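What follows is one structure encoded as structure tokens, with my remarks underneath.
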Amino acid sequence: MTTADNESVLGLPHLLVLGLALLLSFPFCALADSNDDPGEETNTNDDAYVRLASKDYARLERQLRPHLDAYAKGTIPETELASKFAVFYRSYALESRFDEWVSAYPKSYGARLARGMYLISDAWRKRGSNYSRETTDKQFQGFVAQLKKAASDLQASIGLYSRPVESYRYLIQISMGLGRTGRGFLDEALKLDGEAFNPRFAYLYSITPKWGGSVQQMESFIEESRRSPMSDRNKTRLEVEHYVFLGQQAWSDKEYMSASEHYLKAYQLLNDVRWLYWSARSAEDGGFRETAFSRFNDLIEAHPKYEWGYTRRGFLYENDLKDDEKAFKDYLTAADLGNSWAQNRLGWWYMTGKYVPLDYDKAELYLNRAAAQKNQTAIENLRNLEKLRKRADRAK
């Protein structure tokens, strides 16, 4: 009849991929900011992309210069400078533009850093996200070649700017990708900015067990960072990521209760709903039902607008406790919050008469909502619904 029962309730990237996603995106945030031209208030990242794509390298240089000067003077933190360059990591298929920019401005720190960032992201695209055993030699060769090109740009950029902390941060990432230690690059970055967060974050990830480090190395580095001149906020952020990485490792090792506790500690430090969700989810994955329910209940109470809390608790009610009444209520709340999985699930219930009376009109309503969000199972279920309606019409 349908594949609804087999669709992932999570709808999010697998934890083993999450670490890389965090490494690549966590320090970046798209901040609205005015550019160098009066009266042209716009989003700096979007504007930079347009100027890169349209080969307007002169204005791109003018746009980035005030931020580089401000960081050189110490009037903005390195995380703010990083946000101005974030778009270049995501500028897919524009390698020729980066080459032209560097050619036009060979002494530009911004151009070299931007191309180095792009090449790192392109290296990962060439490699793919599969395990090493599932990655071809050709993919590895493309990965290493791009990383080496990126390293060349980043090494060259160091002599072009007084505080090339971002260059060292990305060199740490390259070292990790090539199976080497990036501690020397971290030390160089901290000589320039003892308060810097991004290079510390990159280094912490590089010493996780997944990348050849150890829990002991991580804990030692967190203790070192607590004694640093970093802001209290960034010390907390780094400690949160420490627990998140430990949670990922424990989950990968199938130590689910340990993973749940690590995620809970991360949540308690920064109140980020994602980590309370993964604390509950890890307990569920390990079969610790009472802990899972307790934490999903806490999540829903503290974050009543977080749709995935209702969806997952509803899934547990339906499949573990066989309590369709409570499951329906949770799915309904999640659906009203816009969750496409819950919308599809409710549509399937109405389409098949599970718990609720058979109602093709209500089924169509919920399935259309999910399909509008490109939920593929809902699209399939709409086709099935049409067949059921035709069959019902013939039976009249």
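None of these values were measured; they are calculated from a predicted model.
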Test: Arg237 and Glu241 ion pair at under 4.0 Å: no
If we count only N and O atoms by modelled type, under 3.5 Å, do the side chains of Ser103 and Glu100 hold a donor and an acceptor together? no
Hey, is Arg183 close enough to Asp187 for a salt bridge, meaning N to O under 4.0 Å? yes
What residues form a salt bridge (charged side-chain N to carboxylate O under 4.0 Å, His left out) with Glu195, not counting sequence neighbours? none
Tell me whether Lys235 contacts the main-chain N or O of Arg226 through its side chain, where contact means a donor paired with an acceptor under 3.5 Å. yes
Just so I know, are the side chains of Arg112 and Leu154 near enough to count as touching, which here means a heavy-atom distance under 4.5 Å? no
Donor-acceptor under 3.5 Å (Tyr71 side chain, Ala82 main chain): no
Cut-off 3.5 Å, side chains only: do Trp101 and Glu61 have a donor facing an acceptor? yes
Looking at Trp308 versus Tyr277, is the centre-to-centre ring distance below 6.0 Å? no
From the options Tyr355, Phe328, Phe293, select the one residue that forms a ring pair (Phe, Tyr, Trp, His ring centres under 6.0 Å) with Tyr317. Phe293
Those residues that, when tested against Tyr267, pass ring-ring contact (aromatic ring centres under 6.0 Å, His included) (two or more places apart): His303
Between Glu284 and Ala292, what is the shortest heavy-atom contact and its length? N-CB, 3.7 Å
Answer yes or no: is there a donor N or O on one side and an acceptor on the other, between the side chain of Arg97 and the main chain of Ala53, under 3.5 Å? yes
Any ion pair linking Asp361 and Arg389 (charged N to carboxylate O, less than 4.0 Å)? yes
Electrostatic pair Lys390:Glu386 at N-O distance under 4.0 angstrom: yes
Taken in chain and number order and not counting sequence neighbours, the residues that satisfy salt bridge (charged side-chain N to carboxylate O under 4.0 Å, His left out) with Lys126 are Asp122
With rounding to the nearest 0.5 angstrom, report the OG to CD distance, Ser258 to Gln249. 10.0 Å
Check whether Ser152 reaches the backbone of Lys149 with its side chain - one donor and one acceptor, N or O, closer than 3.5 Å. no
I'd like to check the ring-ring contact (aromatic ring centres under 6.0 Å, His included) partners of Tyr118; sequence neighbours left out, ordered by chain and number. Phe98
Salt bridge or not for Asp285 and Arg281, using N-O below 4.0 Å? yes
Test item: side-chain donor near acceptor, Gln343 and Asn375, under 3.5 Å: no
Heavy-atom closest pair (Ile158 atom, Pro164 atom, distance to 0.1 Å) is O-CG, 3.7 Å
salt_bridge(Arg169, Glu78) N-O dist < 4.0 Å: no
Under 3.5 Å, is there a donor-acceptor pair linking the side chains of Arg295 and Ser260? yes
Salt-bridge present (Arg313, Glu301; N to O < 4.0 Å): no
Taken in chain and number order and not counting sequence neighbours, the residues that satisfy side-chain contact (heavy atoms from CB on, under 4.5 Å) with Lys329 are Glu325
Where at least one partner belongs to residues 146-168, residue pairs that pass ring pair (Phe, Tyr, Trp, His ring centres under 6.0 Å), sequence neighbours excluded: Tyr109-Tyr161
